[in-house]
Structures are given as C-alpha cells and as structure tokens.
Q: 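Sharing a structure, written as structure tokens. Questions coming.
Model, not experiment: these values are computed from the prediction. All values below were derived from every heavy atom in this structure, side-chain atoms included, with hydrogens, water molecules and symmetry-related copies excluded.
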Number of protein chains: 4
Amino acid sequence: MTLDAERRGPVPRRGRGRPPSPGLEDRRRAQIIAAAVAVFTERGYTDATMADIARHAGIGQGTLYRYVPSKRELLDLVFDYSVEQVVGAAEPALRLDEPPRSPAELLGRFDAAVQALTELFNRRPELLALVAVEAAAMDEELKLRLLGLESTVARMAARLCEDAQDAGLLRAGADPQVCGLLVTKTLLPPGLRQVLGQLDEAGRTRYHRAILDFVRHALLVDESGAQG
Amino acid sequence: MTLDAERRGPVPRRGRGRPPSPGLEDRRRAQIIAAAVAVFTERGYTDATMADIARHAGIGQGTLYRYVPSKRELLDLVFDYSVEQVVGAAEPALRLDEPPRSPAELLGRFDAAVQALTELFNRRPELLALVAVEAAAMDEELKLRLLGLESTVARMAARLCEDAQDAGLLRAGADPQVCGLLVTKTLLPPGLRQVLGQLDEAGRTRYHRAILDFVRHALLVDESGAQG
Amino acid sequence: MTLDAERRGPVPRRGRGRPPSPGLEDRRRAQIIAAAVAVFTERGYTDATMADIARHAGIGQGTLYRYVPSKRELLDLVFDYSVEQVVGAAEPALRLDEPPRSPAELLGRFDAAVQALTELFNRRPELLALVAVEAAAMDEELKLRLLGLESTVARMAARLCEDAQDAGLLRAGADPQVCGLLVTKTLLPPGLRQVLGQLDEAGRTRYHRAILDFVRHALLVDESGAQG
Amino acid sequence: MTLDAERRGPVPRRGRGRPPSPGLEDRRRAQIIAAAVAVFTERGYTDATMADIARHAGIGQGTLYRYVPSKRELLDLVFDYSVEQVVGAAEPALRLDEPPRSPAELLGRFDAAVQALTELFNRRPELLALVAVEAAAMDEELKLRLLGLESTVARMAARLCEDAQDAGLLRAGADPQVCGLLVTKTLLPPGLRQVLGQLDEAGRTRYHRAILDFVRHALLVDESGAQG
DNA sequence: CATGAATGAGTCTTCATTCAT
DNA sequence: AATGAATGAAGACTCATTCAT
C-alpha cells in the first residue's frame with residue numbers, strides 16, 4: 001500500500017530527481033554573500049562585477065543569479081548581513097534585560113560593547129567598510145538603512161540610559177534619549193577606528209580611558225566624593 | 001600681465017586681439033563644479049553622466065573636458081569645494097586665534113560653530129549629501145579625504161580644547177585631543193541632522209540644550225557653584 | 001535488483017517485470033506539445049523558455065530533453081501538430097473522393113470546409129496563432145513549411161476544381177489550378193478572421209454570403225437561368 | 001546685422017562646434033534602416049545582433065544607439081519603411097482619385113498595381129520577407145500593424161470598388177467592401193509569389209491571365225455579350 | 001527514468017572619452 | 001576655444017543545455 005501510494009495522484013511527488021542536499025540554498029547564499037563581501041570590499045560596489053563575485057564564490061554567473069535576483073539586491077543582502085553582525089555583537093554586551101546597578105557598572109557595559117565591536121571589526125575589517133562607508137550605490141533607500149543601523153544601536157543605548165535614570169544613576173538634567181544617541185556617536189568603533197588604528201598600544205589605551213572618562217562625566221552622577 | 005594670462009595652454013598666441021576674458025578659466029570651472037554638485041546630488045555619482053553635467057552647465061561635453069580631465073577628478077574638485085565650504089563655515093565661529101575666556105564662552109563657540117554649520121547645510125543641503133554620504137565612487141583615496149574632513153574639524157576643536165586647558169577651563173583629567181575629537185563627533189551637524197530634522201521646533205530646542213549640556217559636563221569644570 | 005534497475009537506457013532489459021507503460025513515450029510527447037502550444041501562444045516562441053514549458057507540462061527540464069532534442073525541434077513538432085489539425089478539419093469537409101455534382105453542391109463543400117475550419121479556430125484559437133502568424137523563429141525552413149500548409153489545402157481545392165471541370169461545372173476558361181489556389185486564399189479562415197471577428201452576427205452573415213457569391217461568380221457556370 | 005545677431009545673447013548659439021552636416025540625422029537613419037533591413041532579412045530578427053547591424057552600417061554600436069533607442073524600435077522603423085514602400089507602389093497604380101470608366105479599365109488598374117508590386121518585390125526581395133513573413137518579434141502590437149498593411153491596401157481596393165459600383169461596373173449583388181478585401185487577398189503579390197516564383201515565363205503568363213480572369217468574373221458585369 | 005541545479009556563451013545597452021569641424 | 005557626433009570597451013543578465021543524483 002505504501003509502495004503503491006508513491007505512484008499515484010498528481011501530487012508533485014518530486015523525488016526521483018536529484019535531491020537538493022538539504023541546506024543547499026542557505027549554504028549557497030552564505031557562500032555568495034561571503035564572496036560579495038570580499039569583492040565589494042576590495043573593488044567597491046560599482047567596480048565589482050558579478051563575474052568577479054561568481055568567480056570568487058567558485059560558481060558560474062548563472063548560478064549566482066539563481067540565488068540573487070540582481071546586483072543591487074545582493075548589496076542589500078550583504079548589508080543586512082553586516083548589520084546583523086554588528087547588532088549581534090553589541091546587544092549581548094549591553095545586557096538590556098537587566099537595569100544597571102551603578103554608574104561604574106553602566107560604564108562597564110558601554111565599555112564591553114565597545115570592546116566587542118572593536119574586536120569584531122579587528123577580526124573582520126570588511127564589515128567596517130561595508131557598514132560605515134561603503135555607500136557605493138547609496139540611493140535613498142540604502143541611506144535610510146544605514147542611518148537605521150546607528151539608530152538601532154542608539155535606541156539600545158537610550159533604553160539603557162532610561163533604566164539608568166530610573167535607578168538614579170544619570171546626572172541631574174541628563175536626557176536619556178539624547179544621551180543614548182551621543183554615547184553611540186561617541187563610542188561606535190567605526191568612528192573611532194581612524195584614530196585608534198593609527199596609534200600604538202599605549203596610545204590606544206590612553207585614548208580608550210579618555211573616552212570613557214568623557215562619557216562618564218557627560219552622563220553619570222559624580223561618584224568621586226562617595227568613593228574617591 | 002595679459003601676456004602672462006594667456007600662457008595657459010601650450011600654444012603661443014598672437015599678442016594682440018581680444019584675449020579670453022581673464023577669469024574665464026576660473027569662471028568655467030566654477031560653473032562646472034556647480035553643475036556637478038547639482039547633478040551628483042540628484043543622480044548620485046555613478047548614475048550621473050558627463051553629458052548630464054555638461055548640459056546642466058550649458059556647455060558641450062568637449063568643453064567640459066577642457067577644464068576637467070576626467071569624471072573622477074571632477075568628483076575630487078567637487079569634494080574639495082564642499083570641504084572648503086564646511087571648514088570655511090566652522091573656522092570663524094570657533095575663533096581659534098584667541099583663547100577662550102570661560103567655560104561658558106567656550107561652549108558658546110562650539111554652539112556658534114554648530115549654528116553656522118547647521119545654517120550652511122540648511123541653505124545648501126547638497127553639501128551634506130556630498131560630504132557626508134555621497135560615497136559613490138568611494139575608493140580608498142576618497143575615503144581618506146572624507147575622514148580628513150572630520151579630522152580637520154576635529155583638529156580645530158582640539159586646538160581650542162588645548163587653549164581651554166591652558167586657561168584652566170577643562171575639567172581635571174580631560175585629554176584635549178580626545179575631547180576635540182569627541183566634541184566634533186557629537187556636534188558635527190551632519191550626524192545630528194537625522195534627529196533634528198525629524199523634530200518640531202520645541203523638540204529641536206530641547207535636544208539642542210541637552211546636547212550642549214552633555215558636552216559641558218563632558219568637558220568643562222563645574223561652574224555650578226557646588227564644587228567651583 | 002536495484003543494481004539491475006540502473007541498467008535501463010539502451011541496455012537490453014529483462015523481459016519480465018513492469019515495462020514502462022507502452023504509450024508512455026507518446027503520452028509524454030503529447031503532453032509536451034500541448035504545453036508548448038500553450039506557452040508559445042502566450043509568450044511567443046522567442047520569449048518562451050524551456051523552463052516555462054517544462055513547468056507547464058508538469059515535468060522537469062531534464063525530462064523535457066528526453067523527449068525533445070531542442071527548442072527548435074519542439075517548434076517543429078508543434079507546427080506539425082497544428083498543420084495536422086487544420087488539414088484534418090478541411091479534408092473530410094471537401095469530400096475529395098467523390099466528384100461534385102452541381103455548382104451549388106461544390107460551393108456547399110467549400111462552405112462546409114470554411115465552417116469546419118472556422119469552428120476549429122474558434123475552439124482552439126492558439127492554432128491560428130501558430131499556423132498563421134507565429135513566425136518567431138521564422139527561418140527559411142519554417143517559412144517553407146508554413147507556405148506548405150496553404151499549398152496543401154490549395155492542392156486539395158485544386159483537385160476538387162479539376163473534378164468540377166471534368167463535370168462541366170466550371171465556367172469556361174477557368175484554370176482549375178489557379179482556381180484552387182485563389183479559392184483557398186479567399187476562403188481560408190485565418191485570413192478572414194480579422195474581418196469577421198470584428199462584426200456582429202448580421203454583419204458576419206452578410207460577409208459570409210458575399211464571399212460565397214464572389215467565389216460562385218469567379219468559378220462556376222451561371223445557373224441563374226439567364227445564360228445557363 | 002543678421003551676421004551679428006548670431007553671436008549675441010545667451011541664446012544657445014550653437015555654432016562654434018562641429019556643425020552637423022545638414023541632412024546628417026536623416027542620412028544616418030536611412031543608412032541604419034538599410035543595414036537593418038539587410039541583416040534582419042538575412043538572419044531574422046531574433047538572430048540579428050545590434051553589433052551585426054552596426055558593422056553592416058559601417059558605424060559603431062554607440063552611434064547606432066544615438067539614432068535608434070532600442071532593437072525593438074529599430075524593427076518598427078524597418079517595418080514602417082517597408083509598408084511605406086509597398087503602399088507607395090500600389091497607390092499610384094490604382095489611381096484612386098478618378099473613378100474607373102469601364103470594367104476593363106478597372107481590371108487594368110488592378111493589373112497595374114500587381115505589376116508595380118511585383119516589380120518592387122523583384123527588385124527588393126527583402127521587403128517581402130519583412131512585410132509578409134518576418135514576423136519575428138511578433139508581439140501583439142506588430143501583428144496589428146501587419147494586418148494594418150493588408151487592411152490599408154484592402155481599403156484602397158474597396159474604395160475603388162465603390163466607385164465602380166457607382167459607375168455600374170460591378171456585377172449585380174457584389175458587395176464592394178467584400179470585393180475590395182478579396183481582390184486584395186487574391187492579388188497581393190506576397191501571396192502569389194510562391195506560385196509565380198516557381199514557374200517559367202510561359203507559366204507565369206498563364207497564371208497571370210487566369211488570375212485576372214478569376215477576378216473579372218468575380219467582380220464585374222459581363223461584357224462578353226456587349227463586346228465579345 | 002526523472003529531476004533541477006549548474007553553467008557560460010551571447011546580447012543589448014550605456015557612457016567616458018576623443019577629435020574633426 | 002567650443003562643440004557634439006562617434007566610438008567601443010565593458011557589464012548585467014538570460015536561458016538552452018547538460019549531468020550528477
């Protein structure tokens with residue numbers, strides 16, 4: 001019965017043909033995005049050719065187009081991927097689910113996020129190019145998405161600042177929304193990279209401290225009397 | 001003088017007769033840059049064609065190439081022009097030649113610079129597009145020049161912070177280099193535009209104050225009387 | 001057994017067991033031609049893709065190529081099929097095996113053929129597109145085959161005219177070959193369709209009569225009594 | 001004064017540059033259409049490449065696109081050109097402006113039109129291919145235009161038949177609209193070419209006479225008694 | 001036997017740049 | 001000095017066909 005069942009009905013019992021190995025679609029797409037990241041980074045969006053990317057991915061151009069409808073949409077894919085990486089690195093470091101306990105601990109979280117992002121960008125410098133500056137085919141839509149990235153991170157920071165305010169950690173008069181935005185601008189590594197990248201270890205450490213110091217004064221209640 | 005003026009171009013020309021009106025070369029170039037700014041802004045670098053630009057400038061394509069060697073170099077020209085405008089707006093507001101007298105006065109200078117830049121970008125929004133985001137042909141060289149813009153402004157801010165430190169206006173432990181950089185990041189209107197642009201007048205004012213407050217705490221000695 | 005199962009192909013197969021259902025090859029081909037007719041008709045030969053056709057037939061592309069060696073040859077198949085349908089509709093109506101008995105009866109046969117073809121084309125308008133106009137891949141060979149269709153019908157009509165001449169039904173001086181050709185041109189519905197299709201019932205009837213009248217005078221002896 | 005007028009004002013006094021030789025645009029287009037006719041005829045629309053056509057015209061591909069916006073529109077141009085040729089050949093032969101005087105004279109006009117068209121198609125066989133059969137990219141729009149050609153000729157013939165009816169030349173009961181259409185179908189050389197092209201001189205003459213005879217009986221009042 | 005993923009040759013089209021006038 | 005017609009290299013994208021499963 002079960003045997004017969006296989007040969008009956010117009011049901012598209014796809015089966016006899018080459019079974020696509022299960023994760024194929026996802027694997028291909030990942031392979032393609034990786035190649036695109038590499039080529040876009042090296043040549044820039046405009047100068048990168050689909051042929052380049054296909055070659056880099058080790059597949060034919062036709063195959064490329066099986067998984068990606070156009071060059072432009074490939075850029076979107078790459079962009080989404082990069083944003084995901086960035087947000088995915090920052091979010092756990094900020095630990096948005098529990099309110100901060102002390103000014104120092106809040107500062108520590110920001111520091112952790114900076115560290116995580118710095119580490120990410122050191123490990124995969126291409127992401128920096130793609131997220132922050134590779135604004136090649138920067139049409140309106142993509143600009144919005146780029147701003148969206150900073151906004152996303154800024155929103156996360158703002159939420160944290162609100163919790164901090166509730167806990168009495170923010171200095172009097174500080175606006176948590178604004179603080180979230182400015183802290184993000186101040187701490188988001190893409191912006192810092194240009195400086196930090198050109199310093200030696202000692203210089204980096206000095207800058208790192210100075211930056212956190214800057215933020216502490218800008219944001220937090222003064223603990224110096226209580227603890228200093 | 002007129003003789004010298006004619007020395008442009010290699011061909012020795014007749015000394016008498018109507019020489020091309022002296023400023024012609026400069027005027028043409030300005031005309032071309034203006035057209036390029038308009039077209040690049042509207043279409044984006046990649047989609048802008050040299051034909052577009054020539055038409056917009058009211059000249060022939062051939063003429064365009066008499067004054068600009070290539071599309072890429074035209075972008076450089078446009079970029080330089082934009083940077084010049086931005087720096088030219090910020091510099092006088094900061095009054096780098098005289099050291100700041102009080103924390104409040106220093107803050108006032110930063111505020112003045114922000115106002116000047118905001119006004120510039122409101123009046124000529126294309127500049128924003130070109131300087132901040134129009135990264136179409138963003139090859140390595142251009143990226144550096146873009147970062148260079150922020151660096152230039154940041155250097156100016158840092159110089160001011162040094163003077164402030166000498167005058168005892170900076171809070172203890174503040175690093176003037178870092179402060180210059182971070183103040184720039186915090187105050188450079190392109191970055192703020194996304195937020196401010198979406199608020200009503202009241203919201204803008206609130207943000208404006210919060211931002212300056214942020215900077216005051218981050219940078220300056222406390223004048224509030226409690227500690228000063 | 002499973003090993004042997006792979007041996008299909010040209011390899012001599014085991015005499016027992018379930019042979020592929022006998023008509024399978026033919027059924028598949030019919031299924032494919034039907035799909036091709038549909039897709040060619042809708043998209044035109046050039047814009048139709050083999051993937052379209054396979055999908056429409058509910059089979060894989062690979063399977064398609066088991067039964068049809070190339071897209072071009074598939075067009076031939078489709079064409080042959082269409083011609084077969086057309087000739088198959090006209091032939092019985094003309095009753096070539098028995099000579100016509102009277103001018104009126106001959107005219108009646110032409111009329112019957114027209115009716116049969118009209119009905120065919122009304123029922124399956126795709127055939128019209130394919131036979132008469134779908135000349136997409138119209139290379140020399142296909143053009144000849146298309147002309148051949150009309151020739152075939154014209155030859156049938158000419159044979160009938162010869163019989164009519166033998167029976168004294170043709171007006172004096174009429175050339176049966178030429179008459180066959182011209183009657184075909186005049187009566188073959190594809191040509192008429194453009195006109196008849198745009199008229200109401202009454203108009204169609206009027207045209208129908210006028211056309212037969214035209215043919216009667218062109219071909220036949222006058223039965224009106226005045227001269228006959 | 002008129003001389004001076006040319007060099008004043010911001011009026012786009014295009015002038016200093018390369019003056020396009022006056023008929024250039026038209027000449028180029030004609031050159032391109034000629035090349036397209038040749039290449040389309042030889043390869044068929046689909047297989048013809050724009051590179052082929054440019055090469056055949058002795059110009060670069062870019063130049064081709066200065067004068068023709070796309071391959072498809074080039075086909076339209078070619079088509080229009082062909083129709084113009086055909087109609088231009090038939091119209092004067094039919095002398096639509098003066099009513100026919102006798103059956104024989106009317107027949108003579110049809111004959112003249114046939115001769116003119118035959119001569120045209122003998123001299124420029126490509127036109128036949130393009131007008132009658134080269135239905136390559138036969139989308140709906142082009143089909144309509146093709147039908148339109150026959151319709152145009154048929155309308156001309158119908159007009160003539162109406163005049164003939166008014167002059168009492170048409171046989172009783174003949175519908176001039178239908179007669180115009182059928183005469184066109186019968187006489188339009190593209191349809192006849194297949195037969196006439198395959199006969200020797202004598203055969204052609206015989207056919208030619210038979211066809212006119214066919215039309216005379218189909219259309220006209222019987223002069224045989226009066227004159228025969 | 002069936003399948004559909006993979007392929008890459010082949011096309012139309014654009015545009016920076018040149019140069020005859 | 002100015003013009004714009006001409007050029008051709010280059011690239012995104014399609015699809016008939018093959019073949020591993």
Q: Between F:dG11 atom C1' and B:Asp47 atom CG, what is the distance in whole Å?
A: 14 Å
Q: Taking the nucleotide of DNA chain F with the nearest heavy atom to each, does A:Ala48 or B:Tyr67 sit closer to the 5' end?
A: B:Tyr67
Q: Assuming nearest nucleotide by heavy-atom distance, tell me which of D:Lys71 and B:Ser70 is located more 5' along DNA chain E.
A: D:Lys71
Q: Starting from P on F:dA2, measure out to CZ on B:Arg55 and report it in whole angstrom.
A: 19 Å
Q: Under 4.0 Å: is that the gap between some side-chain N or O of B:Arg28 and OP1 or OP2 of F:dA2?
A: yes
Q: In whole Å, I'd like the distance from the CD atom of C:Gln31 to the P atom of E:dA2.
A: 10 Å
Q: Using a cut-off of strictly less than 4.0 Å, decide whether C:Thr63 has a side-chain nitrogen or oxygen near OP1 or OP2 of E:dT3.
A: yes
Q: Is C:Thr41 reaching over with its side chain to a backbone N or O of C:Val37, donor-acceptor style, under 3.5 angstrom?
A: yes
Q: Both distances under 3.5 Å, Watson-Crick or G-U wobble: report the partner of E:dA20, or none.
A: F:dT3
Q: What contact category does A:Ala54 fall into here, base, sugar-phosphate, or nothing, at under 4.0 angstrom with non-hydrogen atoms?
A: nothing
Q: Under 4.0 Å between a Lys/Arg side-chain N and an Asp/Glu carboxylate O for B:Arg55 and B:Asp52?
A: yes
Q: Whole Å only: how far is the CZ atom of A:Phe40 from the C1' atom of F:dG11?
A: 13 Å
Q: Nearest heavy atom decides the nucleotide; on that basis, is C:Leu64 or B:Gly62 closer to the 5' end of DNA chain E?
A: C:Leu64
Q: For F:dA9, which nucleotide in any strand shown is its Watson-Crick or wobble partner with both distances under 3.5 Å?
A: E:dT14
Q: Tell me whether the NZ or CZ atom of B:Lys71 lies within the 45° cone about the ring axis of B:Tyr45 and under 6.0 Å from its centre.
A: yes
Q: What integer number of Å spans the C1' atoms of E:dC1 and F:dT21?
A: 12 Å
Q: How many Å lie between OH on B:Tyr45 and P on E:dA16, as a whole number?
A: 8 Å
Q: If I take atom CZ in residue D:Arg66 and atom P in nucleotide E:dT13, what distance separates them, rounded to the nearest angstrom?
A: 17 Å
Q: Can you tell me whether the side chain of D:Gln61 and the base of E:dC12 have a donor-acceptor pair closer than 3.5 Å?
A: no
Q: Check the distance between F:dT14's C1' and C:Met50's CE and give it to me in whole angstrom.
A: 15 Å
Q: What's the CZ-P distance between A:Arg43 and F:dA10, to the nearest Å?
A: 13 Å
Q: State which of E:dC15, E:dA5, F:dA16 makes the closest approach to the side chain of C:Thr49.
A: F:dA16
Q: First locate atom CD of B:Glu42, then atom CG of B:Asp47, and finally report the distance between them rounded to the nearest 0.5 Å.
A: 11.0 Å
Q: Considering only side-chain heavy atoms of B:Tyr65, which listed nucleotide, E:dT18, F:dC13, E:dT7, is closest?
A: E:dT18
Q: So, the side chain of C:Gln31 versus the backbone of C:Ala57: is there a donor-acceptor pair under 3.5 Å, distance only?
A: yes
